[in-house]
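Comments concern the structure below.
Computed from a predicted structure; not experimentally measured.
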Amino acid sequence: MQAAKKGMLNIVCGFLGQIVIIAIGIVVPRLVVVSYGSEVNGLLTSVTQIFTCFSLFEAGIGAASLQALYAPVVHSDREEIQGIIVATHKFYIKTGTLYAGSVILLALLYPVFVKTSISYWTVVGIIVFGGLGNCLNFLYQGKYRILMEAEGYLFIATNITTVINVITSLTKVVLLLMGYNVLAVQFSFFCINILQMLIYSFFIKKHYSWLDFNTAPNLEAISQKGATLIHQISGIIFYNTDTIFLTLILQNLKVVSVYTMYNNIIQMVNTMLVQLVNGFNFRLGQIFNTDKKEYNRLHHIMEVISLGSMFSVMTVVYICILPFMRLYTSGVEDVNYIDKLYPVFFVLVPIMSYGRNIGNNVVNFAGHFRQTQWRAVTETVLNIVISVVLIWKVGIIGALLGSIIASAYRTVDIIFYAYKHLLEGKPWLTLKRWLVCFIIFAVIVCTVNQNMLFADSYLKVVLLGGVSLIICICIYFAGLFITNKEEAKAIINMAKNYIFKKK
């Protein structure tokens, strides 16, 4: 299968999968809040974020293995690929064992340290059933997913995830509507994770039967796993610790539920945007290791596309999120979900984090994990210190400010590092694109009055979003095309060639 076709399949399947996940993410949390209350919703979210932090046991092995696989995949060197995968497998076995032990320990201690009216053993059961299913990823399919991504078969893994999410959510909805308690719902998640392992098994036997796990592991190829751990910690803290800090500092799971409602929407949209870049990451990584000049050209094209797309979509989220939230939380009166300050702060978090993905990717493709690990540590410290201090004073806004400030530092740092060590040109090329987009964003924020945006149906919210998206795309890309004429011509030519080829 050609690289272009794989890339498009990765993007299309990623987008469709995210649409399904967004639809599910809208329906299920509301059912949970209505059926069990905001406290249970806050508990489930808090525990889920802790599980995400537990993925640190992976210790960067995923990123290190993926970077190591790009070159042997290009040359179809099965012997080298096998050595890397065997080394990855051995590490994942250790990781799965540590993860399982940590889940059990968390289940026993969480209800002791977090105040909740939910019974002790119910909390224990929720954590055990929610966490042990994730162990299967470490023990079985994790290593295969890395190889699939390196070879451009990310769309296969995406489709499997989508199917599992649909089955999981349908099961949750049925159990909720039938009146089962939250423990039964969580147990269903554990059972469906076993089904996911079986689906992976079918694909693996068909495509990777040549892998022999009795061969010698290539430990040297993944020797940077310790350095990649630092970067992984930075990413996990950025995306997941706000919920944990809010839980521990405020001791109010209802506030956690408010944060979760907004953050779920932001993260679902952000994940969809990431598909735009990740779909071709396998090919970009291969090109970086074979043709630096061509990569440099593609890097700037992708940066214009990603920044224009990200700012357009996140501006629409800013416009639509309060009208949507008023509808979504109607009838829920145990805590206030509406605050006119939330949209801009929640939107700034993914703007800063997603905007750096293109620069961060080139650092990953080059394997500059050790060289940049102290920079990731600085981001981590900034985020923790600022968030903890400000949460005491301004709650959710404080948590968001910590993420925004830390991410802003790291974004600028990545831009300068990439141009100094890995890219041709000057940092101003990228900073200029950011400046253009931020000026447009600021004008829109100052122009749109959140208090005037109301919708009495979800259809009107969708129509508002659709019209806003068309306008935003035109405005942002017009600004970027005017200030980046060479990249604009390349993008237009690529679009023309694609349309002409289709005809």
For residues 469-478, which side-chain donor-acceptor pairs fall under 3.5 Å, sequence neighbours excluded?
unit_1 : atom_1 : unit_2 : atom_2 : d
Y476   : OH     : T315   : OG1    : 2.8
Y476   : OH     : F441   : N      : 3.4

Review point. So with a 6.0 Å cut-off around NZ of K432, is the heavy-atom count from everything else above 12?
Key: yes

Here the pair of heavy atoms bringing L422 nearest to A366 is CD2-CB, 3.6 Å

inquiry  = Looking only at side-chain N and O atoms, does N357 offer a donor or acceptor that is under 3.5 Å from a partner on S306?
reply    = no

Take L400 and Y259 through the side chain to side chain contact (heavy atoms under 4.5 Å, CB included) test and state the conclusion after the steps.
CA-CA 10 Å; L400 296 172; Y259 175 90; 3.9 Å; yes

Verify, without hydrogens or angle tests, whether T88 (side chain) and K143 (backbone) share a donor-acceptor contact under 3.5 angstrom. no

Next item on the list: Assess the pair F438 and F311: is the distance between their ring centroids shorter than 6.0 Å?
Entry: yes

CG (L423) and NE2 (H300) are apart, to the nearest 0.5 Å, by 5.5 Å

Note to self: Taking CD in E294 as the centre, count heavy atoms belonging to other residues, nucleotides or ligands within less than 6.0 Å. Is the count above 12?
What the structure shows: yes

CD1 of I404 to OG of S353, rounded to nearest 0.5 Å, is 10.0 Å

Validate the cation-pi geometry between K293 and Y295: distance from NZ or CZ to the six-membered ring centre under 6.0 Å, angle to the ring axis within 45°.
no

request  = Taking the side chain as every heavy atom from C-beta outward, state whether T430 and I358 have any atom pair closer than 4.5 Å.
outcome  = no

One should read off an interatomic distance between Y208 OH and F203 CZ, to the nearest 0.5 angstrom, of 5.0 Å

Quiz prompt | Residue pair V313, V269: steps toward the side chain to side chain contact (heavy atoms under 4.5 Å, CB included) verdict | solution = CA-CA 8 Å; V313 173; V269 175; 3.2 Å; yes

Rounding to 0.5 Å, atoms CG (L307) and CG (L480) come to a distance of 6.5 Å

Checking the side chain of N165 only, and the main-chain atoms of T161 only, is there a donor and an acceptor separated by less than 3.5 Å? yes

Q.
Check whether K292 reaches the backbone of F288 with its side chain - one donor and one acceptor, N or O, closer than 3.5 Å.
A. yes

Between the CD atom in E303 and the NE2 atom in H299, the distance rounded to the nearest 0.5 Å is 4.5 Å

Any donor-acceptor pair under 3.5 Å linking the side chain of N383 with the backbone of E379? no

- Return yes if a side-chain donor-acceptor contact under 3.5 Å exists between T372 and Y417, otherwise no. no

Value for CD1 (I265) from CD1 (I321), rounded to nearest 0.5 Å, stands at 4.5 Å

